[in-house]
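Quick notes on the structure that follows.
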Amino acid sequence: VQLQASGGGLVQAGGSLRLSCVASGRTFRIVAMGWFRQAPGKEREFVAAITRTGGSTYNADSAKGRFTISRDNAKNMVYLQMNSLKPEDTAVYYCAAKDSIVTVTTNSYDYWGQGTLVTVSS
């Protein structure tokens, strides 16, 4: 499975961005998908995850009420709609996928994209 993330960029505080991630290869293996981020000098952290059907989603406390994860299985896509962005949201955002049930831990995901940079200016 290969993942390709896009949609990052520079945005002012309070603005919005929509990240996209397309999966290719053996996509039938994918069960859960998620978004993680890594700010400079910090460890990679969980942002949001979604189950195979999209029926359940999970958000980090920092993302609740502002970020929404969704997926389109017909297109092998997962999205992260980010609203009310803050400077502390600045990070490289990674999409990830796994062959088993959804989790929020970084090291439980099997496949990773290359990351897309989000910069939020104050």
Side-chain angles (χ1 to χ4, degrees):
V1 174
Q2 294 79 45
L3 302 172
Q4 179 76 36
S6 61
L10 174 64
V11 63
Q12 288 189 331
S16 298
L17 278 177
R18 188 193 194 206
L19 305 184
S20 300
C21 177
V22 60
S24 60
R26 297 187 175 188
T27 57
F28 62 88
R29 300 181 64 94
I30 296 174
V31 176
M33 301 191 78
W35 287 95
F36 294 77
R37 68 185 183 187
Q38 187 166 18
K42 295 187 176 182
E43 293 186 352
R44 192 171 299 186
E45 65 177 8
F46 168 75
V47 176
I50 188 167
T51 55
R52 182 197 291 271
T53 63
S56 295
T57 61
Y58 305 84
N59 288 322
D61 288 343
S62 60
K64 287 179 180 177
R66 301 188 300 127
F67 295 2
T68 302
I69 187 171
S70 61
R71 67 190 288 179
D72 184 337
N73 290 333
K75 297 180 179 180
N76 293 318
M77 298 286 293
V78 63
Y79 308 96
L80 185 68
Q81 177 66 44
M82 304 187 295
N83 300 327
S84 303
L85 283 161
K86 306 174 182 179
E88 50 264 44
D89 294 319
T90 295
V92 176
Y93 283 71
Y94 298 89
C95 67
K98 62 196 306 282
D99 297 342
S100 54
I101 60 172
V102 64
T103 58
V104 302
T105 53
T106 306
N107 59 7
S108 65
Y109 280 73
D110 304 299
Y111 313 105
W112 291 86
Q114 86 292 357
T116 185
L117 177 62
V118 172
T119 303
V120 184
S121 63
S122 57

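Each residue takes its place number in the sequence, starting with 1.
The ring-ring contact (aromatic ring centres under 6.0 Å, His included) analysis of residues 78-122, with sequence neighbours excluded, yields the pairs Phe36-Tyr109, Phe36-Trp112. Every pair tested for disulfide bond (SG atoms under 2.5 Å apart) that includes a residue from residues 22-75 fails, sequence neighbours excluded, so the list is empty. Applying the salt bridge (charged side-chain N to carboxylate O under 4.0 Å, His left out) rule to pairs touching residues 55-68 yields Asp61-Lys64, Arg66-Asp89, sequence neighbours excluded.
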Let me check something: any side-chain donor-acceptor pairs from residues 40-49 under 3.5 Å, sequence neighbours excluded? List them with distances.
residue	atom	partner	partner atom	Å
Glu45	OE2	Arg37	NE	2.7
Glu45	OE2	Arg37	NH2	3.2

Table please: side-chain donor-acceptor pairs of residues 5-25 below 3.5 Å, with sequence neighbours left out.
residue	atom	partner	partner atom	Å
Ser16	OG	Asn83	OD1	2.9

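A search for salt bridge (Lys or Arg N to Asp or Glu O under 4.0 Å) contacts involving Arg29 returns Asp99, not counting sequence neighbours. Contacts of Thr105 classified as side-chain contact (heavy atoms from CB on, under 4.5 Å), with partners at least two apart in sequence or in another chain: Thr103, Asn107, Ser108. Applying the salt bridge (Lys or Arg N to Asp or Glu O under 4.0 Å) criterion to Asp110, with sequence neighbours excluded, gives no partner residue. In this view, Ser100 and Lys98 satisfy the side-chain contact (heavy atoms from CB on, under 4.5 Å) rule, not counting sequence neighbours.
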Item to check | Ile101 and Val31: CA distance, side-chain angles, deciding distance, side chain to side chain contact (heavy atoms under 4.5 Å, CB included) verdict | outcome: CA-CA 6 Å; Ile101 60 172; Val31 176; 5.5 Å; no

Checklist entry - Do Thr106 and Gln38 pass the side chain to side chain contact (heavy atoms under 4.5 Å, CB included) test, and can you show the C-alpha distance, the side-chain angles, and the key distance before you say yes or no? => result CA-CA 11 Å; Thr106 306; Gln38 187 166 18; over 6 Å; no

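Within the model, atoms CD of Gln2 and CD of Gln114 stand 12.0 Å from one another, a figure rounded to the nearest 0.5 Å. Taken to the nearest 0.5 Å, the CE atom of Met33 stands 8.0 Å off from the CG atom of Asn76.
With a 4.5 Å cut-off on side-chain heavy atoms, Phe67 and Leu85 count as touching.
Residues Leu3 and Val92 are members of separate hydrophobic clusters, defined by side-chain heavy-atom contacts under 4.5 angstrom among Ile, Leu, Val, Met, Phe, Trp and Tyr.
Looking only at distances, a side-chain donor or acceptor of Asn73 sits under 3.5 Å from a matching main-chain atom of Arg52. The backbone N or O of Thr51 sits nowhere less than 3.5 Å from a side-chain atom of Ser56 that would complete a donor-acceptor pair.
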